[in-house]
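Both counts, for ligands and for their atoms, begin at 1 and track the order of listing. Below, each value reflects all heavy atoms present in this structure, side chains not excepted, and no hydrogens, waters or symmetry copies. Source: prediction; values computed, not measured.
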Amino acid sequence: MYPRADHLPLTSNKITSSFGHNCAFRIHTTAGLLTEALTHPQDPKPTGTSLALIHYMASTKHFMLYTGPTPNGYKVSVYLEELRAAYPDLKLDYDVENIDISTNRQKEPWFIAMSPNGRIPVFVDRSRNNFVVFETAAILLYLAQHYDKEHKFWFDPETSPNDYSEMLQWIFFAHGGVGPMQGQAHHFHLAAPEDIPYGKKRYTDETKRLYGVLEIRLGQGRDWLAGPGRGVVSIADFNVAPWILSHARAKVDLDEFPLLKAWLERLEARTGFQAGLAVSPRKA
Ligand SMILES: N[C@@H](CCC(=O)N[C@@H](CS)C(=O)NCC(=O)O)C(=O)O
């Protein structure tokens, strides 16, 4: 069991000085990588720990995002790009390392040191002492709390408690429902080593049922999932949209859900949304 990288002890002061005073704080999170690099100096893999460490250390950008071209990966890059567009003065910038999950890089010790779950995406906040966040919904809420101070894409729990609660309801609904169920649909249709019609049908049907729930919500006179009146675009929408975008992989026809289809088109028309998808290009 690897501890969280930012809880690991400082391993080397020499590296701090060679990167200048702004980089000193980074050592704490990189300690996981560093420990691996020092423990396995013979690591021959070009994508191994030592290169990951160098990549991490060589930048002064605010954030580091370990991600990939998947629905969960896109959730975070979409919100990051929406934030960049909404808060140009913050000059939020970030490094991206696209993790090829087909080679199981996300199961390597340096990655597990950051995220014991061994899945992408993982977000590291260099500006806040290399704090590490995994689980997409938690990353979105973290970004909202620290970098969306004007509540452009979320609701203030103090002044708008009901909107805040509804936003959480739709985030949890997607995080516990749409993601896992549609993920299984993708698996049975595209990745399972054997053809299992029962699994395909069960998870496609459940995905359709969950899309139907979103359709009901949008049918309540709404453009967006949370917020007063017709709603306001928020992280409740960003959190589920990349899954809906992948509907074909789950063998779901979006024409069966016209309000959801129109909602997705509204999101796709947004510059930030498009930029977020471009962060991790899908392989042809
Ligand atoms: N509940 C997690 C799910 C993350 C997840 O399942 N990521 C997938 C890609 S969409 C992954 O890393 N799969 C590789 C693996 O399972 O090893 C979250 O929301 O962050």
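The side chain to side chain contact (heavy atoms under 4.5 Å, CB included) search around Glu206 returns Met181, Arg209, Leu210, not counting sequence neighbours. With sequence neighbours left out, the side chain to side chain contact (heavy atoms under 4.5 Å, CB included) criterion links Glu265 to Lys261, Glu268. For the side chain to side chain donor-acceptor pair (under 3.5 Å) test, no residue two or more places apart in sequence or in another chain qualifies with Tyr203.
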May I have a table of the N/O to N/O pairs between ligand 1 and the protein that fall below 3.5 Å, each row giving the two atom names and the distance to 0.1 Å?
unit_1, atom_1, unit_2, atom_2, d
ligand 1, 1 (N), Glu135, OE1, 2.7
ligand 1, 1 (N), Glu135, OE2, 3.3
ligand 1, 6 (O), Arg119, NH1, 2.9
ligand 1, 7 (N), Ile120, O, 2.8
ligand 1, 12 (O), Ile120, N, 2.9
ligand 1, 16 (O), Arg119, NE, 3.0
ligand 1, 16 (O), Arg119, NH2, 3.3
ligand 1, 17 (O), Gln106, NE2, 2.8
ligand 1, 17 (O), Lys107, NZ, 2.6
ligand 1, 19 (O), Thr136, N, 3.3
ligand 1, 19 (O), Thr136, OG1, 2.6
ligand 1, 20 (O), Thr136, N, 3.0

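Heavy atoms from other residues, nucleotides or ligands lying under 6.0 Å from CZ of Arg202 number 12 at most.
With a 6.0 Å cutoff to the six-membered ring centre and a 45° limit on the axis angle, Arg266 counts as a cation-pi contact of Trp224.
Here Asp148 does not pair with Lys152 in a salt bridge; the nearest charged N to carboxylate O distance is not below 4.0 Å.
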